[in-house]
Each structure stands twice: as structure tokens, then as C-alpha cells.
Amino acid sequence: MKAAIVTIGDEILIGQIVDTNSAFIAKKLDSIGIEVSQLLSIADNREQILETFAALQDRVDLVIITGGLGPTKDDITKKTFCDYFEDTLVMNEQVLAHVTNLIENFYKRPISQINKEQALVPTKCTVLKNDFGTAPGIWMKKNKTVFISLPGVPYEMKGIVEAEILPKIVAEYQRPYILHKTILTVGEGESRVAERIEAWEDALPPMIRLAYLPSPGRVRLRLSGRATDREALQKSIDDQVKSLTEIIGDIIVGFEDEDSLEVSLAKLLTEKQSTIATAESCTGGKIGQMLSSVPGASAYFRGSIVAYSTDVKTDILGVTSQVIKTHSVVSAKVAEEMARNARLLMKSDYAIATTGNAGPSKGDSDAEVGVVFIAIATSDTVFSAEFNFGQPREKVIDRAVMKSLELVRKEILKKSV
């Protein structure tokens, strides 16, 4: 069973808002075995909507549309539905009662004519109840394709999808199982990972596909399988993950939705009853943000000093002016002093420090843009490494954050041996 998701609204096309609805719907459809083949964003325009409907007709089994169902004149989706299905709008008494109750008892104001018009629906549609708003969802079928229209407000859309649409699809349609397993790796780029697992990838069974999902500092490997036998499919995926772990276990840090790098590090620190602190310059507190994003972080995360300017490095972190003068503010020696002093100041077992030129200008240093020094301090040693993460600025910062977490994780594991 294949689906297309269409978002209607000029605000998406001009970049005023980000379309999060499609991601939510796609994930929910995938969870019940429906393959999403297209994501489209179109203008709130009658001709554009009709053209899109016609193009998708009988090419997919399901079209889910969000947006254009509000009370204002520029919300035309219901009227366009009527044009496409050769239908007319009628007042639905149940929807009208819901809208009246919501307006008068919740919003505490008299219901207006424009509010009442929210209860107008096509005569041929199945109404999908909207518990959180005034615009109901609409379910209509033409030939082989079901068209579903939903309000664009995210919490209203989500409520209808979970309470109305998913149960209806599950009850009425036979679907295969779609399973995913995403392996998180750090420390090696996409091409290097691909080289190491080439033979394994070539031997994958036909019902399982591999996708590479690279991002700064990490590569995710997603295994996706489709089959009618869920248990057999799950076993096949588990067997492939086991084989993969034997090949690249040294760079696997966990599994998506289970162990991201920060979660893996959190578990390790908690298990070892160890604590960590950060002293950040070019990363601007993002390492601390990653560490503190995990529930229970107070058990292991002591804190972070964002020493962005040179005087904060000297006045707060105690980096000596002589070291900065001799080696430059972006240097291994400065990173090491930052890490050492942060660990002592915050009484932690480990500390991470970063100093570098993320760009676009060089700031207080002559080091090249993209150069970052990362230092790790422990109770008995301090060491640093130099990296050049290139450009642009966002890439430099993201890669520095991930590399910092990777380095400290390796150091903790080393001490555990």
C-alpha cells in the first residue's frame, strides 16, 4: 500500500514555517506498513490542488492532505474537494454541536457564522472527528484512491491521525510489515564505512535494504525490511545487525531511538559513577547541551563554562596569558589548560575542552578557519588533538561536538578495560 502526503499553504512554500506535519504522518504510516512514495507542498490554490489530486489519482492508494481547512476565505480545501468529487457541502449536525460546544463553553464567546461554516462537509465524505479544534477531517474515495483532508494545526492533525485514521486503515486494509533498524557509528566517514562493509552489503537478502545517513561526526546505517511475516523479518534484520557488529563493532555506539552517542555516553558515565564537565569556546555550549539533554543528566554532568572570549579563558578558567601569548588562543596547550582547570573547578572525573576557529573570521587567533583543538582531562592525564573540520561554520561546530563526545567515550572505555 502506497501513500502520498500533500501539505497545502503558501507559508510553507515561502519558508515562513517548517513542514513538520509530513514527517509525523510519514512516520505513523510507516509504523503500520504503508510506504510513503511522495511528499509534496503546494500553494493554497484551487487549480494547483486539483492538478495534484489528478496526478496522484490511482497512482497511490492513499493521499493525506494537511492545511486549508480553516475558517478564513483563503482556506479552500473543502470547496476544492467538492469540485474534484462532484459533490456539495452540507451542514453536519454532529460537527456543528462540537464546534458550538468548543466556541461557547471553552472559548467563552458566542458562535459566529464563520465558525458554523466549519461544520460544512461534503455529502459523500466520512467525517473524521477533531477533538482539539473546529475543522473536522474528511475521508473520501475515488476509484482506487482514498483522499483524506486534515487541518494544518499540528496538534489537531496528530489527534485525528492517531484516533481516527490509523485505526480505520488497520481495520480496513491488509498491509505488509515494515521494520527498520538504524545503527549509529562514529569516527569514520561514509566512504570508509562503505568500504569496510561492502561484502556484507552485497550479501543482504532481497527484502532488506541499506541506507547511509551521514551527518557531521557520525554515520547512521538504516536497515529497512518489508515482508508479510513479521517474526521472520525481525529475525533476518537481527541476524544482519549481528553480522555487521562483527565487522564494524569498533565504531558502533548504539541504535537510533535507543542509544545515540550522548545516551551511550550517559549510560557509561552512570555505570562507572563518573562525572563530566565542559569548557567550550568555539562550540559555544553545545557539548554541554548534548550532555544535559539526556534524562537523569544531573547524576553525571557537573556543568559547562562557555569561555568564548580570551579574557574569560584567563579570568574564569585560569588559562595563563603566557600560554596564550606563546601558543595562540587556538592551540593544543590552551585546550589542555581549559580542560584541566575545568575538571578541577567543577570537581569532575572527566572534562572536555574546545578551542578553535569555526569561522567565518579568525577572531583572536591566526589559526585557519575550521581548525579545532579538543582536549580531554582525566584524574591522571590531559591530552589533546587537532582537527580541521573545513567549512561552513555549522559543520565545524557540529563535527567538533560529535568528535568531543567520541574522544571522551573512548577514554572512559579505555579506563574500563
Side-chain angles (χ1 to χ4, degrees), residues 20 23-24 27-28 31 154-155 158 162 180-187 213 215-222 238 241 245 249-308 316-317 338-354 374-383 397-417:
T20 58
F24 174 84
K27 193 169 185 178
K28 289 296 181 180
S31 72
Y155 66 85
K158 290 177 181 179
E162 294 182 327
H180 303 283
K181 188 73 171 182
T182 302
I183 301 97
L184 304 179
T185 73
V186 298
L213 307 170
S215 57
R218 68 173 87 183
V219 177
R220 294 178 294 163
L221 302 172
R222 188 189 66 225
D238 290 344
V241 172
T245 303
D250 58 311
I251 60 172
I252 292 176
V253 296
F255 302 93
E256 191 165 270
D257 298 328
E258 296 176 17
D259 289 343
S260 60
L261 180 52
E262 58 270 25
V263 169
S264 174
L265 182 56
K267 288 181 177 179
L268 193 57
L269 286 164
T270 303
E271 178 187 332
K272 302 301 177 185
Q273 296 185 327
S274 298
T275 56
I276 191 168
T278 72
E280 304 182 54
S281 183
C282 61
T283 48
K286 282 201 169 184
I287 301 172
Q289 183 182 30
M290 293 281 279
L291 290 169
S292 62
S293 69
V294 182
S298 58
Y300 57 84
F301 181 51
R302 296 287 294 167
S304 179
I305 296 173
V306 182
Y308 213 72
I316 305 298
L317 276 174
M338 289 172 64
R340 180 188 295 109
N341 295 348
R343 193 187 75 82
L344 294 174
L345 279 169
M346 288 182 270
K347 299 181 175 61
S348 62
D349 298 299
Y350 298 91
I352 302 169
T354 61
I374 300 172
I376 306 296
T378 72
S379 58
D380 52 19
T381 188
V382 179
F383 66 91
I397 294 171
D398 288 345
R399 292 192 66 184
V401 170
M402 297 310 302
K403 180 58 70 172
S404 297
L405 296 179
E406 177 194 342
L407 288 174
V408 78
R409 179 178 177 273
K410 285 183 177 180
E411 188 63 22
I412 299 170
L413 288 171
K414 191 188 305 180
K415 288 182 174 293
S416 302
V417 176

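Being a predicted model, the structure only gives us computed values, none of them experimental. Residues take their numbers from the sequence shown, with the count starting at 1.
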Is [X] reaching over with its side chain to a backbone N or O of [Y], donor-acceptor style, under 3.5 angstrom?
X	Y	answer
Arg302	Met346	yes
Thr185	Ile251	no
Tyr300	Lys272	no

Requested in this report: Scan for side chain to side chain donor-acceptor pair (under 3.5 Å) pairs involving residues 277-297, sequence neighbours excluded, and state none if there are none.
Outcome: Thr278-Glu280, Thr278-Ser304, Glu280-Thr283, Glu280-Ser304, Ser281-Lys313, Thr283-Thr354
Give the minimum heavy-atom separation between [X] and [Y], together with the two atoms involved.
X	Y	value
Ser404	Ile352	CB-CG2, 3.7 Å
Ser348	Ala277	OG-CB, 3.6 Å
Gly285	Val306	CA-CG2, 3.7 Å
Asp349	Ser274	OD2-CA, 3.2 Å
Leu405	Leu261	CB-CD2, 3.7 Å
Thr275	Ala299	CG2-O, 4.1 Å

[atom1]/[X] to [atom2]/[Y] distance, rounded to the nearest 0.5 angstrom?
X	Y	atom1	atom2	answer
Ile276	Thr378	CD1	OG1	11.5 Å
Arg409	Tyr350	CZ	OH	13.0 Å
Ile287	Ile374	CD1	CD1	6.5 Å
Met338	Ile316	CE	CD1	12.0 Å
Glu262	Met290	CD	CE	3.5 Å
Ile183	Leu221	CD1	CG	5.5 Å

Query - Identified side chain to side chain contact (heavy atoms under 4.5 Å, CB included) partner of Ile252 from the options Val241, Leu184, Thr245 - result: Thr245
Query - Contacts of Arg343 that satisfy salt bridge (charged side-chain N to carboxylate O under 4.0 Å, His left out) - sequence neighbours left out - result: none
Query raised in the report: salt bridge (charged side-chain N to carboxylate O under 4.0 Å, His left out) with Lys403: which residues, sequence neighbours excluded?
Result: Glu406
